[in-house]
Amino acid sequence: MRTPVIAGNWKMYKTGGESAAFVKEFLPMVAGVKGVEIVLAPPFPWLGLVASLTAGKKIGVASQNVHFAPEGAYTGEVSPAMVKDVGARYAIIGHSERRQYFAETDDSVNRKVKAVLAAGLVPILCLGETLAEREAGKTFEVAGRQLRAGLEGIAAPDGTKVVVAYEPVWAIGTGKTATPGQAQEVHAFLRKTLAELWGSGAADAVRILYGGSVKPENIAALMANADIDGALVGGASLKPATFAAIVKFK
Ligand code: PGA
C-alpha cells in the first residue's frame with residue numbers, strides 16, 4: 001500500500017508572517033486527517049520557521065531546490081544537509097520552472113537527487129513534457145528520458161524512497177489540468193519504466209504524484225486512478241482552506 005502524498009509548493013510566495021499565519025490556520029483544518037503524508041514547501045528563509053511550527057503535527061517540510069554539493073564555494077546555494085538541519089525532510093528537485101529559468105539539466109537533476117538521498121532526505125523528482133512535446137507525440141519519450149536520467153546510478157531499495165511528480169508543463173499554473181485519463185496513462189508508463197529499472201516490487205512502492213492545476217474540484221477524480229499516488233500543488237496550496245480541501249480528497 002502506497003501512502004498518498006499531498007505536497008504544497010509555495011514557489012516564491014509568502015513572507016515569514018504569511019507563512020506562520022498559513023500554518024496557524026491550516027493545522028486545525030487537517031488535524032484529523034489520517035493516511036495522507038502532507039508536505040509544505042515554503043521558500044528557503046521560512047523552512048526552519050514552518051518546520052518548527054509544524055513539529056509533531058505529521059506535516060513534512062520540503063525545500064524547493066538544493067545544490068548537489070555537501071558544502072563549498074557556491075555563493076547563493078544551499079546544500080541538502082543545510083535544509084535537513086533546519087528541519088526539512090523532503091526536497092523538490094527538477095521542477096520545470098528550475099529547468100526552464102535556471103538551466104537545470106537532466107544531469108544536474110540526477111546529481112541533486114543523489115545528494116538529497118545521501119543526506120537522508122526524500123527527493124520529489126519532477127518531470128513532464130511541454131505542450132510542443134505533447135503535440136509532437138513525444139510525451140512518453142520525454143517523461144521516460146527524464147525519469148531514467150534523474151534516477152541514473154540509483155538502485156532499489158534506496159531508490160524507492162524517491163517520490164516522482166509528473167507535471168506536464170502545459171498544465172502548470174495555466175488552469176489546464178491533464179484529464180485523469182491522460183495523467184493515469186503517463187503514471188502507468190512511469191511505473192512500468194521503474195519496473196524495468198528496479199523490478200516490479202520496487203516500482204510498486206514508489207509514489208508517483210500528479211502536478212498541474214490541481215484544485216479541490218479535480219483532486220478526487222485524479223486520485224481515483226490506480227497509479228496516481230498524490231499531488232504536487234502550486235497555486236491552490238497558498239490558501240489554507242483550499243489546500244486543506246485537497247488534502248481531504250477522500
Ligand atoms: P500549479 O503548480 O498547481 O499552480 O499548476 C504546480 C507546480 O508547479 O508544482
Side-chain angles (χ1 to χ4, degrees), residues 4-14 18-19 22 26 36-44 46-47 50 59-66 83 88-104 109 112-113 116 122-131 133-134 139 142-143 146-147 150 162-180 182-184 186-187 190 207-223 225 228-249:
V5 178
I6 305 286
N9 171 13
W10 289 356
K11 307 192 179 184
M12 202 171 74
Y13 292 102
K14 293 196 189 295
E18 287 163 354
S19 302
F22 177 104
F26 181 67
V36 179
E37 236 168 271
I38 305 171
V39 179
L40 295 173
F44 277 130
W46 325 128
L47 282 175
V50 173
I59 292 178
V61 173
S63 65
Q64 300 172 14
N65 177 37
V66 285
V83 305
R89 290 195 285 120
Y90 304 76
I92 298 172
I93 300 297
H95 189 280
S96 62
E97 287 151 17
R98 304 245 13 122
R99 294 181 193 252
Q100 191 180 348
Y101 305 127
F102 302 97
E104 292 225 9
V109 167
K112 290 179 179 196
V113 172
V116 167
V122 174
I124 302 178
L125 165 61
C126 302
L127 52 89
E129 82 287 1
T130 62
L131 185 58
E133 288 164 341
R134 175 161 281 264
T139 298
V142 171
Q146 290 179 332
L147 182 67
V162 175
V163 174
V164 175
Y166 168 58
E167 301 204 298
V169 177
W170 50 270
I172 295 178
T174 58
K176 278 188 208 154
T177 322
T179 64
Q182 282 173 323
Q184 166 59 25
V186 179
H187 283 228
L190 292 172
R207 274 86 58 87
I208 307 179
L209 317 184
Y210 169 78
S213 298
V214 173
K215 312 183 258 282
E217 296 75 29
N218 58 26
I219 184 70
L222 287 161
M223 292 303 294
N225 292 278
I228 301 183
D229 308 312
L232 182 53
V233 186
S237 73
L238 293 170
K239 292 213 170 78
T242 313
F243 191 51
I246 295 172
V247 166
K248 297 194 256 190
F249 64 89

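Whatever order the structure lists ligands and atoms in, that order sets their numbers, starting from 1. The first residue of the sequence shown is numbered 1, and numbering continues consecutively from there.
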Can you name the atoms of ligand 1, numbered from 1 with element, that are less than 4.0 Å from a heavy atom of [X]?
X: I172; answer: 2 (O), 5 (O), 8 (O)
X: A171; answer: 5 (O)
X: G212; answer: 5 (O)
X: G173; answer: 1 (P), 4 (O), 5 (O)
X: N9; answer: 9 (O)
X: H95; answer: 7 (C), 8 (O), 9 (O)

Closest heavy-atom contact between A88 and S63?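 Reported closest heavy-atom pair: CB-N, 4.4 Å.
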
Nearest atoms (heavy-atom pairs only) where A62 meets A91: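 Here A62 and A91 meet closest at CB-N, 4.4 Å.
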
Does R134 come within less than 4.0 Å of E129, counting only side-chain N to carboxylate O?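 So R134 pairs with E129 through a salt bridge.
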
Mutual orientation of the aromatic rings belonging to F26 and F243 [parallel < 30°, tilted 30-60°, perpendicular > 60°]: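 The arrangement is parallel - the two ring planes meet at less than 30°.
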
Does ligand 1 come near enough to G234 that some N or O of the ligand is less than 3.5 Å from an N or O of the residue?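 It does: an N or O of G234 is found under 3.5 Å from an N or O of ligand 1.
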
Report the residues that fulfil salt bridge (charged side-chain N to carboxylate O under 4.0 Å, His left out) with E167, sequence neighbours left out, ordered by chain and then residue number.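 If we apply the salt bridge (charged side-chain N to carboxylate O under 4.0 Å, His left out) test to E167, skipping adjacent residues, there are no hits.
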
Checking E133 now: which residues fulfil salt bridge (charged side-chain N to carboxylate O under 4.0 Å, His left out) with it, not counting sequence neighbours?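 So E133 forms no salt bridge (charged side-chain N to carboxylate O under 4.0 Å, His left out) with any residue.
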
Any atom of ligand 1 sitting under 4.0 Å from a heavy atom of [X]?
X: G175; answer: no
X: A236; answer: no
X: K215; answer: no
X: G211; answer: no

Among W46, Y13, W10, exactly one meets ring pair (Phe, Tyr, Trp, His ring centres under 6.0 Å) together with F22. Which residue is that?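 Of the listed residues W46, Y13, W10, the ring pair (Phe, Tyr, Trp, His ring centres under 6.0 Å) partner of F22 is W10.
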
Where is the nearest protein heavy atom to atom 9 (O) of ligand 1: which residue, which atom, and how far?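 Heavy-atom neighbour on the protein nearest atom 9 (O) of ligand 1: E167 OE2, 2.7 Å.
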
Which residue owns the protein heavy atom closest to atom 4 (O) of ligand 1, what's the atom, and how far is it?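 For atom 4 (O) of ligand 1, the nearest protein heavy atom comes out as G235 N, 2.8 Å.
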
Close side-chain approach of N65 and I92, heavy atoms under 4.5 Å: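 No. Closest side-chain heavy atoms not under 4.5 Å.
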
Side chains of Y90 and E37: donor-acceptor distance under 3.5 Å anywhere?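 Side-chain D/A pair, Y90 to E37: present.
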
Which one holds for C126 and ligand 1: side chain close, backbone close, both close, or neither close, with close meaning a heavy atom under 4.0 Å?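 Answer for C126: neither.
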
